[in-house]
Protein chains: 2
Amino acid sequence: MGGPRFEPVRAVRAYERVVEQVEEAIESGALSPGGRLPSERELMTQFSVSRSTVREALRVLQARGLVRSRHGDPHGAEVLPFSPAALHKSMTTLARVEELSLAELVQFRMVLDAAAILLAARLRTEEQLAEMSAAVARMRAAAERDEAAFGAADVDFHDAVVRASGNKLIQICTDVVRSIVLKLISERIAGAPDREALMRRSIRHHEEVVAAIRAGDGPLAARLSRKAMYDYYAGYVPESERGALRALLE
Amino acid sequence: MGGPRFEPVRAVRAYERVVEQVEEAIESGALSPGGRLPSERELMTQFSVSRSTVREALRVLQARGLVRSRHGDPHGAEVLPFSPAALHKSMTTLARVEELSLAELVQFRMVLDAAAILLAARLRTEEQLAEMSAAVARMRAAAERDEAAFGAADVDFHDAVVRASGNKLIQICTDVVRSIVLKLISERIAGAPDREALMRRSIRHHEEVVAAIRAGDGPLAARLSRKAMYDYYAGYVPESERGALRALLE
DNA sequence: ACACATTTGTACGTATGTATG
DNA sequence: GCATACATACGTACAAATGTG
């Protein structure tokens, strides 16, 4: 009993060790966004591997959104600034494969948007409040005239809110989930017969939310935002799953 | 004005088109988990590309968690069941690159866990409630004796809650963020002088949450869980950022 | 504007260790 | 144990793209 507890040795591929080292260099800050990796041939010699191995590693790093390489660029692969693209990709995959239902996605947004609004009501500056107000004004101006502008103003509003909340993770996740939801139902939204009524109601809801944020009543603003999102999206969710959404409306 | 709006043609690499086609086959269901891709040589001929191109595509698909290839396996790469591993990886990268602060991560968990508990209070079955109760009992049994078991029981509790909530996206995200937070502060937790007091308080909080869920009082359960998480983690968050956490405690 | 050297993208061949039947 | 098919890794070769003088 006792004795040395040996770890099972998983056969680690050559390209993985290249990936690990480059990843470490990037995450530790030794390589920063805008910087360049050595050329592929240089990497071959530094890691003592073949070019194919180097290239497989580069493809993995590229898939993770850490670097980008361009055909013929003599400077080598470019280290990218952080972007939620990889997060977006993996969440989209989960959603596409029916692993995630529309109801779950909408519910997720109801939770996170409400939280962002609750935080924004307490932490916002006057300037941020003005941005929200301006975005709602743009929604009103665009309604019944330019649906794309209406959607863009809506995005601007939620973006201003989530920035005021001060939580980048909430910002990223709501961004990602919003675009996935829109992709899932965009054709149905465009063809909705009561589209204009939905927009008018949405604008009224947004105005109420802004008023509550201005008054500093976070819980009210959060409740209103959940209700607004339910009203806007519930029609696209199968009836059997709407109960789960209503559970958030108390 | 008007006229055909031509899309800019980005030079798409050969390996990307291989990735796209395989991805499409998987996400459309033509290839299901457990199934096998053709061998690399077979893929060469089917796509009319070289071996290196096939391999770069496979590395990307592997990085996205869609397939796994094993050295020497005569059956070809295996199509994997969908897992949040890729999501986990990209979120971890975000956190490691200091793009996300500990306060933001804890705040995110306060929001999502509270939401899961609110939903669980309304949607849970008797069996799920029993699971939560059993997990808290294990926490109590393990306290002051086996810290690893205490942590495991804690995880079991939150897992039972989030399963009862019925939202897989919340489940995935809380899982991911929890493990990231733990990794960030694990050494500090292990060395905390008041470790036992923290555990006792945590157990009491969990019991109160279970009681509220049993009583069907979702808002109370959610409030209690936010408070519990704040009490447990606030000590590790810099003072200047604790205000953002307290903003969730109303 | 043009030619140049360098780099990436892709193809092909070969050697070696591995998993399956 | 053995034969077979396979993935891993290396090396070479050439076309296409890029940056520079």
Side-chain angles (χ1 to χ4, degrees), chain A residues 6-23 25-26 31 33-80, chain B residues 6-23 25-26 31 33-81 85:
Chain A
F6 294 120
E7 290 284 322
V9 180
R10 69 181 173 106
V12 57
R13 318 261 192 282
Y15 82 90
E16 282 193 65
R17 299 216 289 221
V18 175
V19 167
E20 280 169 16
Q21 288 196 47
V22 177
E23 217 166 22
I26 293 178
L31 283 165
R36 301 298 190 132
L37 260 53
S39 75
E40 295 183 359
R41 286 180 178 77
E42 180 83 25
L43 290 172
M44 298 177 48
T45 68
Q46 289 196 24
F47 287 107
S48 295
V49 294
S50 73
R51 194 147 94 97
S52 348
T53 301
V54 167
R55 291 184 54 84
E56 289 177 27
L58 287 176
R59 293 294 81 81
V60 172
L61 291 166
Q62 183 156 336
R64 293 192 183 155
L66 295 176
V67 308
R68 174 184 58 177
S69 45
R70 283 173 14 188
H71 189 168
D73 189 338
H75 297 116
E78 180 185 2
V79 179
L80 294 177
Chain B
F6 295 120
E7 290 285 324
V9 181
R10 67 185 173 101
V12 55
R13 319 257 194 285
Y15 83 90
E16 283 191 65
R17 300 218 286 222
V18 175
V19 168
E20 279 169 18
Q21 287 196 48
V22 176
E23 218 166 22
I26 291 177
L31 282 165
R36 300 299 188 129
L37 259 53
S39 74
E40 293 186 359
R41 288 174 180 81
E42 181 85 22
L43 290 172
M44 291 177 56
T45 69
Q46 288 196 25
F47 287 107
S48 295
V49 295
S50 76
R51 189 84 187 276
S52 356
T53 301
V54 166
R55 299 195 51 145
E56 289 178 27
L58 287 176
R59 291 294 83 84
V60 172
L61 290 165
Q62 184 157 337
R64 294 195 181 150
L66 295 177
V67 308
R68 174 183 57 177
S69 46
R70 283 172 13 191
H71 189 169
D73 189 338
H75 295 117
E78 180 186 2
V79 179
L80 294 177

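What you see is a predicted model; the values in this text were computed from it and never measured. Every chain is numbered from 1, with letters handed out A, B, ... down the list of sequences.
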Engineer: If I take atom CD in residue B/Glu42 and atom P in nucleotide D/dC6, what distance separates them, rounded to the nearest angstrom?
Structural biologist: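 To the nearest whole Å, that distance equals 8 Å.
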Engineer: Report the distance from atom CZ of B/Arg41 to atom P of D/dA5, rounded to the nearest whole Å.
Structural biologist: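 Distance, rounded to whole Å: 10 Å.
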Engineer: Checking side-chain polar atoms at under 3.5 Å, does B/Arg51 have a donor or acceptor matched by the opposite partner on A/Ser52?
Structural biologist: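 Checked: B/Arg51/A/Ser52 side chains show no N/O donor-acceptor pair below 3.5 Å.
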Engineer: Output the rounded distance in Å from CE (B/Met44) to P (C/dT10).
Structural biologist: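 My rounded result for the distance is 14 Å.
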Engineer: Are B/Ser69 and B/Arg59 close enough that a side-chain donor and a side-chain acceptor fall under 3.5 Å?
Structural biologist: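 Looking only at side-chain atoms, B/Arg59 and B/Ser69 do form a donor-acceptor pair, the distance falling under 3.5 Å.
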Engineer: When you measure from every atom of DNA chain C, which of residues 48-56 of chain A have a heavy atom less than 4.0 Å away?
Structural biologist: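 Under 4.0 Å from DNA chain C: A/Arg51, A/Arg55.
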Engineer: OP1, OP2 of D/dT8 versus side-chain N and O of B/Arg59: anything below 4.0 Å?
Structural biologist: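 Yes, such a contact exists.
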Engineer: Whole angstrom is fine here: how far is it from CZ in A/Arg13 over to P in D/dC10?
Structural biologist: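 Checked: the CZ to P distance equals 13 Å.
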Engineer: Figure out the CD/C1' separation between B/Glu16 and C/dG9, and round it to whole Å.
Structural biologist: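 After rounding, the reported distance stands at 12 Å.
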Engineer: Can you name the side chain to side chain contact (heavy atoms under 4.5 Å, CB included) partners of B/Pro33, sequence neighbours left out?
Structural biologist: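 Applying side chain to side chain contact (heavy atoms under 4.5 Å, CB included) to B/Pro33 gives B/Pro81, B/Phe82.
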Engineer: Suppose we screen for side chain to side chain contact (heavy atoms under 4.5 Å, CB included). Which residues come up paired with A/Arg36, at least two apart in sequence or across chains?
Structural biologist: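 A/Arg36 satisfies side chain to side chain contact (heavy atoms under 4.5 Å, CB included) with A/Asp73, A/His75, A/Glu78 only.
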Engineer: What residues form a side chain to side chain contact (heavy atoms under 4.5 Å, CB included) with A/Ala25, not counting sequence neighbours?
Structural biologist: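 Per chain and number, A/Ala25 pairs via side chain to side chain contact (heavy atoms under 4.5 Å, CB included) with A/Ala30, A/Leu31.
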Engineer: Nearest heavy-atom pair of B/Gln46 and B/Pro38: which atoms, and what distance?
Structural biologist: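 Closest heavy-atom pair between B/Gln46 and B/Pro38: NE2-CG, 3.9 Å.
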Engineer: May I have the distance from B/Leu58 (atom CG) to D/dA9 (atom C1'), rounded to whole angstrom?
Structural biologist: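 The distance from CG of B/Leu58 to C1' of D/dA9 comes to 15 Å, rounded to the nearest Å.
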Engineer: Go through the structure and list residues passing side chain to side chain contact (heavy atoms under 4.5 Å, CB included) with A/Ser39, not counting sequence neighbours.
Structural biologist: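 Partners of A/Ser39 by the side chain to side chain contact (heavy atoms under 4.5 Å, CB included) criterion, ordered by chain and then number, come out as A/Arg41, A/Glu42.
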Engineer: Do B/Glu56 and B/Arg13 pass the salt bridge (charged side-chain N to carboxylate O under 4.0 Å, His left out) test, and can you show the C-alpha distance, the side-chain angles, and the key distance before you say yes or no?
Structural biologist: CA-CA 11 Å; B/Glu56 289 178 27; B/Arg13 319 257 194 285; over 6 Å; no
Engineer: Which is true for B/Glu40 with a 4.0 Å heavy-atom rule: it touches a base, it touches only sugar-phosphate, or it touches nothing?
Structural biologist: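 Contact class for B/Glu40: base.
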Engineer: Quick check: closest heavy atoms across A/Val22 and A/Phe47, and the distance to 0.1 Å?
Structural biologist: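 Closest approach of A/Val22 to A/Phe47: CG2-CZ, 4.1 Å.
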Engineer: Output the rounded distance in Å from CD (B/Glu78) to C1' (C/dT18).
Structural biologist: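 Atom-to-atom, B/Glu78 to C/dT18, this comes out as 17 Å.
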Engineer: Considering only nitrogen or oxygen atoms on both sides, find all protein atoms under 3.5 Å from nucleotides 17-21 of chain D and state each distance.
Structural biologist:
| residue | atom | partner | partner atom | Å |
| --- | --- | --- | --- | --- |
| D/dT18 | O4' | A/Gly72 | O | 3.4 |
| D/dT18 | O3' | A/Arg70 | NH2 | 3.1 |
| D/dG19 | OP1 | A/Arg70 | NH2 | 2.6 |

